[in-house]
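We number each residue from 1, following the sequence as shown.
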Amino acid sequence: MTTRGAMLRVFFIFIFLAGFTLPGLAHQIPDGAEKLTKSEDCAGCHAAIYSEWKASMHANSSPFKDNAHNAVRLKFASSMQQAGITPSYHCGNCHTPMADNLPDLMSGKSQPDSNNWTLNEGTGCTFCHRIEAVISGKEFNQYLLNKDGSFNSPNPSGKAPHKTTKSALFANGEVCMGCHSHMLNDKGAPICVMNEEGTSNCITCHMTKIDGSPVAGSSKKTHFSHALPGGHDIEMLSKSVSLDIHVDTTAMANNVTVTLKNISGHTFPSTMPMRIAFLKLTAEDANGKVVWSNTKESPMEDMQSLLVKTFKAGEEKGVPPWKAETVAMDTRLKKGEERTLTYAVPAENIKTISASLVYRLFAPAAMKMMEIPADGKNDKNYIVITKKMAL
Ligand code: HEC
Ligand code: HEC
Ligand code: HEC
Ligand code: HEC
Ligand code: HEC
């Protein structure tokens with residue numbers, strides 16, 4: 001086994017020991033509760049909302065629809081197998097919350113089965129709309145669902161042919177915090193801590209009002225979009241950070257100042273620690289040829305340009321989340337943070353200076369380690385914002 005393989009094996013055992021697999025760790029559904037039903041059943045009346053949801057990561061979060069999630073969970077499963085432990089799928093708490101065998105998946109008694117529709121749904125309509133309360137947990141939170149199958153929303157119209165109930169959670173964004181609040185490992189290291197990194201109402205930015213009726217036959221002209229865009233969406237990314245360039249030209253150099261400001265509701269990039277962003281600065285001559293750049297091959301060549309979160313265990317830096325004891329470095333932009341990066345670019349022969357903020361869903365090193373498929377999305381360099389300045 002390679003050193004990396006051996007390391008991975010150890011890391012995954014750490015996850016396993018993290019206490020995620022205790023039996024009974026699953027969402028609470030009261031005895032005798034109405035069964036969760038397919039999102040497809042809502043499509044006939046709520047056509048626009050259904051098609052937005054269908055294309056969203058919420059409908060595509062299961063191992064059978066998200067190839068990156070699947071790659072990571074397979075690594076996790078095979079490393080447990082190698083260690084002689086029955087693989088468990090605690091990920092299902094958030095990635096396949098509707099699974100009718102969720103406690104068994106989380107304890108390792110059952111394995112994910114692509115023929116079971118309740119896993120394929122991801123976070124479907126009835127799961128979200130039946131959330132009654134968020135149950136706080138140490139490693140991560142969970143939900144209590146309602147018994148009567150009524151659909152919760154901020155302001156029920158009273159016109160629906162099905163049961164509806166008014167719920168404040170759907171107005172203030174708390175409804176998201178069963179899955180998006182936090183994830184700690186067994187050593188208490190903060191893997192994802194949205195609850196500390198962003199405090200605004202998630203719904204105001206992630207579920208905006210758009211054209212189209214929420215239901216066939218309604219007099220309403222707009223509805224709240226269920227596309228729930230994030231890092232997979234270039235338009236959403238373009239709303240995350242602003243960028244300005246300022247240049248002071250002297251005889252010695254062009255002193256370039258780039259100002260980045262986080263205008264999203266939380267840390268950028270957020271929240272999954274495999275996300276990464278970096279600034280690419282180039283200087284071009286009169287022919288548009290790049291004659292200077294802050295990095296050649298890897299963003300690591302210019303540490304001030306890197307927006308990233310990494311972990312450490314003892315003295316060892318850059319360890320994966322599951323081995324983490326503490327955060328080694330967190331250079332991501334905090335909510336509302338404005339940061340200036342400075343560069344001395346050669347003075348001669350330069351006609352334009354260009355700055356681009358680049359975002360990646362998965363850092364190249366993470367893709368390699370987890371064998372995440374390069375499918376044109378996972379490995380894409382998304383340009384969040386770009387500016388060019390003539391000198
Ligand atoms: C037979 C048509 C029909 C079906 C099927 C249907 N709905 Fe509705 N739903 C309505 C109507 C009508 C409204 C009222 C909308 C309005 O006045 O704007 C509504 C409203 C809602 C609301 C908002 C509450 C309110 O009163 O404004 C939610 C949430 C909701 N439906 C969820 C669902 C879900 C989830 C499903 C699938 C399990 C579903 N609906 C299936 C017709 C339907
Ligand atoms: C039952 C768990 C669950 C609930 C409830 C939930 N989410 Fe998610 N959400 C997820 C998971 C899991 C993913 C990642 C899916 C993937 O990438 O495979 C996700 C992804 C996202 C993304 C990223 C999309 C992208 O392009 O990467 C956004 C934004 C988001 N959720 C916002 C919300 C908001 C806002 C709410 C509340 C209205 C909410 N979520 C409720 C589990 C949930
Ligand atoms: C507490 C809820 C929760 C648990 C448990 C959980 N995840 Fe997630 N996961 C999320 C949320 C929420 C997102 C989206 C957040 C974001 O993109 O920043 C996500 C995103 C991801 C992504 C990125 C997917 C993509 O396509 O970009 C991967 C990979 C992933 N999770 C793997 C796993 C694996 C493997 C496990 C189990 C070992 C797991 N997760 C357990 C909530 C969870
Ligand atoms: C002020 C607007 C704003 C608010 C409020 C906001 N977000 Fe975001 N969010 C964004 C923007 C812009 C992005 C895209 C940049 C990024 O991916 O970091 C984003 C990205 C995300 C992602 C995707 C990260 C990924 O890895 O793909 C998740 C998940 C998310 N937000 C969840 C939430 C949750 C949960 C809340 C509430 C606690 C929230 N957001 C509040 C603007 C906002
Ligand atoms: C991630 C959680 C989540 C999922 C999944 C989800 N919803 Fe919603 N839905 C919400 C929230 C939160 C609101 C309230 C938005 C607001 O009022 O700001 C809402 C609002 C609605 C409304 C009222 C919309 C309006 O503009 O009047 C309807 C109808 C609805 N949802 C139907 C559905 C249907 C049908 C599905 C599945 C195709 C679905 N929802 C999936 C969270 C969710």
A.B. asks: Please determine, by modelled atom types, if E52 and H223 share a side-chain donor-acceptor pair under 3.5 angstrom.
C.D. replies: yes
A.B. asks: Given S150 and T165, is the side-chain hydrogen bond (donor to acceptor under 3.5 Å, both in side chains) satisfied, shown in steps?
C.D. replies: CA-CA 6 Å; S150 175; T165 304; 2.6 Å; yes
A.B. asks: Any sub-3.5 Å donor-acceptor pair from Q111's side-chain atoms to P87's backbone N or O?
C.D. replies: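 Confirmed, Q111 side chain pairs with P87 backbone.
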A.B. asks: Can you confirm if the aromatic rings of H90 and F76 lie within a centre distance of less than 6.0 Å?
C.D. replies: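 Yes, they do, as the ring centres are separated by less than 6.0 Å.
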A.B. asks: Does atom NZ of K163 have more than 12 heavy-atom neighbours, drawn from other residues, nucleotides or ligands, at distances under 6.0 Å?
C.D. replies: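 Count over threshold, so yes.
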A.B. asks: Can you confirm whether N152 sits close enough to E132 that some side-chain heavy atom of one is under 4.5 Å from a side-chain heavy atom of the other?
C.D. replies: yes
A.B. asks: So T96 and Y89, do their side chains get closer than 4.5 Å, heavy atoms only?
C.D. replies: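 A side-chain contact exists here, since the closest heavy-atom pair is under 4.5 Å.
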A.B. asks: Test L237 against E235 for side-chain contact (heavy atoms from CB on, under 4.5 Å), laying out the working first.
C.D. replies: CA-CA 5 Å; L237 283 169; E235 201 187 322; over 6 Å; no
A.B. asks: To the nearest 0.5 Å, tell me how far D248 CG sits from T250 OG1.
C.D. replies: 8.5 Å
A.B. asks: Given the rule in the side-chain contact (heavy atoms from CB on, under 4.5 Å) test, do N294 and L341 qualify, once you have shown the distances and angles that lead to the verdict?
C.D. replies: CA-CA 11 Å; N294 64 331; L341 316 184; over 6 Å; no
A.B. asks: Check this for me, if you would: do D330 and R332 make a salt bridge, where the nitrogen-to-carboxylate-oxygen distance has to be below 4.0 angstrom?
C.D. replies: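 Looking at D330 and R332, the cut-off is met.
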A.B. asks: Only counting residues at least two apart or in another chain, list the ones meeting salt bridge (charged side-chain N to carboxylate O under 4.0 Å, His left out) with D244.
C.D. replies: K387
A.B. asks: Following the transitive rule for hydrophobic clusters with a side-chain heavy-atom cut-off under 4.5 Å over Ile, Leu, Val, Met, Phe, Trp and Tyr, establish whether L361 and I385 coincide in one cluster.
C.D. replies: yes
A.B. asks: Any sub-3.5 Å donor-acceptor pair from W292's side-chain atoms to L281's backbone N or O?
C.D. replies: no
A.B. asks: Please answer whether the main-chain N or O of L306 pairs with a side-chain N or O of T331 as donor and acceptor at a distance below 3.5 Å.
C.D. replies: yes
A.B. asks: Under a 4.5 Å cut-off applied to non-hydrogen side-chain atoms, are F140 and S181 in contact?
C.D. replies: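 Counting from C-beta outward, F140 and S181 never come under 4.5 Å.
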A.B. asks: Let me confirm one number: the CG-OG distance from N172 to S167, rounded to the nearest 0.5 Å.
C.D. replies: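 Interatomic distance, N172 CG to S167 OG, rounded to 0.5 Å: 8.0 Å.
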A.B. asks: If we only count heavy atoms from C-beta on, is the H69 to P63 side-chain gap below 4.5 Å?
C.D. replies: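 Touching, per the 4.5 Å side-chain cut-off.
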A.B. asks: Side chains of S264 and S240: donor-acceptor distance under 3.5 Å anywhere?
C.D. replies: no
A.B. asks: Rounded to the nearest 0.5 Å, what separates atom CE in M370 from atom CG in N378?
C.D. replies: 13.0 Å
A.B. asks: Is the NZ atom of K54 crowded by more than 12 outside heavy atoms at less than 6.0 Å?
C.D. replies: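 Counting neighbours around NZ of K54, 12 or fewer heavy atoms of other residues, nucleotides or ligands fall under 6.0 Å, so no.
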A.B. asks: Any side-chain heavy-atom pair from H95 and K65 closer than 4.5 angstrom?
C.D. replies: no
A.B. asks: Report the C-alpha separation of K351 and L391 in whole Å, then their side-chain angles, then the decisive distance to 0.1 Å, and conclude whether the side-chain contact (heavy atoms from CB on, under 4.5 Å) test is met.
C.D. replies: CA-CA 5 Å; K351 286 286 173 281; L391 298 187; over 6 Å; no
A.B. asks: With no hydrogens and no angle check, is any side-chain donor or acceptor of D100 less than 3.5 Å from a backbone partner on T118?
C.D. replies: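 Answer holds: no.
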A.B. asks: Side chains of S270 and E197 only: does a donor on one sit below 3.5 Å from an acceptor on the other?
C.D. replies: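 E197 and S270 do not have a side-chain donor-acceptor pair below 3.5 Å.
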A.B. asks: Is it true that a side-chain atom of K309 and a backbone atom of I191 form a donor plus acceptor pair closer than 3.5 Å?
C.D. replies: yes
A.B. asks: Are there more than 12 heavy atoms of other residues, nucleotides or ligands under 6.0 Å from atom CE of M300?
C.D. replies: no
A.B. asks: Donor-acceptor check, side chain of N141 to backbone of G137, threshold 3.5 angstrom: yes or no?
C.D. replies: yes
A.B. asks: Taking the side chain from T295 and the backbone from E297, do they hold a donor-acceptor pair closer than 3.5 Å?
C.D. replies: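 Here the side-chain-to-backbone pair does not exist.
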A.B. asks: Does F311 have any ring-ring contact (aromatic ring centres under 6.0 Å, His included) partners at least two apart in sequence or in another chain, and if so, which?
C.D. replies: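 ring-ring contact (aromatic ring centres under 6.0 Å, His included) check on F311 returns nothing, list empty.
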A.B. asks: Is any side-chain heavy atom of K147 closer than 4.5 Å to one of E34?
C.D. replies: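 When only atoms from C-beta onward are counted, K147 and E34 do not touch, as no gap falls below 4.5 Å.
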A.B. asks: With rounding to the nearest 0.5 angstrom, report the OG to CD1 distance, S238 to I383.
C.D. replies: 12.5 Å
A.B. asks: Please check if any side-chain donor atom of T282 sits under 3.5 Å from a side-chain acceptor atom of E284, or the reverse.
C.D. replies: yes
A.B. asks: Looking at S136, is its backbone amide N or carbonyl O close enough to the side chain of Q142 to form a donor-acceptor pair, meaning the two atoms are under 3.5 Å apart?
C.D. replies: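 Not a single qualifying donor-acceptor pair exists.
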A.B. asks: So which heavy atom on N93 is nearest to which on A26, and how close?
C.D. replies: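 For N93 and A26, the tightest heavy-atom pair comes out as OD1-CA, 4.3 Å.
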A.B. asks: How long is the span from the CG atom in L228 to the CE atom in M236, to the nearest 0.5 Å?
C.D. replies: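 Going from the CG atom of L228 to the CE atom of M236 covers 9.0 Å.
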A.B. asks: Determine the minimum heavy-atom distance between C202 and G173, stating which atoms define it.
C.D. replies: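 C202 and G173 have their closest heavy atoms at SG-O, 4.0 Å.
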A.B. asks: How about NZ on K209, more than 12 heavy atoms from neighbouring residues, nucleotides or ligands closer than 6.0 Å, or not?
C.D. replies: no
A.B. asks: Got a salt bridge between E337 and K261, using NZ or NE/NH1/NH2 to carboxylate O under 4.0 Å?
C.D. replies: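 Judged by the 4.0 Å cut-off on N to carboxylate O distance, E337 and K261 do not form a salt bridge.
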A.B. asks: Y143 and F127: aromatic ring centres closer than 6.0 Å?
C.D. replies: yes
A.B. asks: For residues Y343 and I353: do they belong to one hydrophobic cluster (side chain heavy atoms under 4.5 Å, members Ile, Leu, Val, Met, Phe, Trp, Tyr)?
C.D. replies: yes
A.B. asks: Assess the side chains of T342 and T257: does a donor N or O sit below 3.5 Å from an acceptor N or O?
C.D. replies: no
A.B. asks: Testing the basics here: between V308 and M329, what is the closest heavy-atom pair and its distance to 0.1 Å?
C.D. replies: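 Reported closest heavy-atom pair: CG1-CE, 3.5 Å.
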A.B. asks: Would you say the side-chain atoms of K166 pair up with the backbone N or O of P154, donor to acceptor, closer than 3.5 Å?
C.D. replies: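 Yes, because the side chain of K166 sits within donor-acceptor range (under 3.5 Å) of the backbone of P154.
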A.B. asks: Between the side chains of K335 and S200, is a donor N or O closer than 3.5 angstrom to an acceptor N or O?
C.D. replies: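 Yes, S200 and K335 have a side-chain donor paired with an acceptor closer than 3.5 Å.
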A.B. asks: For residues H27 and P97, determine if any side-chain heavy atom of one lies less than 4.5 Å from a side-chain heavy atom of the other.
C.D. replies: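 Of all side-chain heavy-atom pairs linking P97 with H27, at least one is under 4.5 Å.
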A.B. asks: Could you pull out all donor-acceptor pairs under 3.5 Å where a side-chain atom in residues 38-50 meets a protein atom, sequence neighbours excluded?
C.D. replies:
from, atom 1, to, atom 2, distance (Å)
S39, OG, E121, OE1, 2.7
S39, OG, C125, N, 3.2
H46, ND1, P214, O, 2.8

A.B. asks: V134 and M183: same hydrophobic cluster, using ILVMFWY side-chain contacts below 4.5 Å?
C.D. replies: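 Result: no, two separate clusters.
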A.B. asks: Above 12 or not: heavy atoms from other molecules or residues under 6.0 Å from CG of D211?
C.D. replies: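 No, not enclosed.
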A.B. asks: Is there a side-chain contact (heavy atoms from CB on, under 4.5 Å) between V358 and I276 once you walk through the steps?
C.D. replies: CA-CA 8 Å; V358 183; I276 184 175; over 6 Å; no
A.B. asks: Decide whether a cation-pi geometry holds between R130 and F151; the criteria are a distance under 6.0 Å from NZ or CZ to the six-membered ring centre and an angle within 45° of the ring axis.
C.D. replies: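 Ring-cation test returns no.
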A.B. asks: Indicate yes or no: at least one non-hydrogen side-chain atom of D379 is less than 4.5 angstrom from one of R360.
C.D. replies: yes
A.B. asks: Would you confirm whether S305, through its side chain, and D302, through its main-chain N or O, come within 3.5 Å as a donor-acceptor pair?
C.D. replies: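 Yes, because the side chain of S305 sits within donor-acceptor range (under 3.5 Å) of the backbone of D302.
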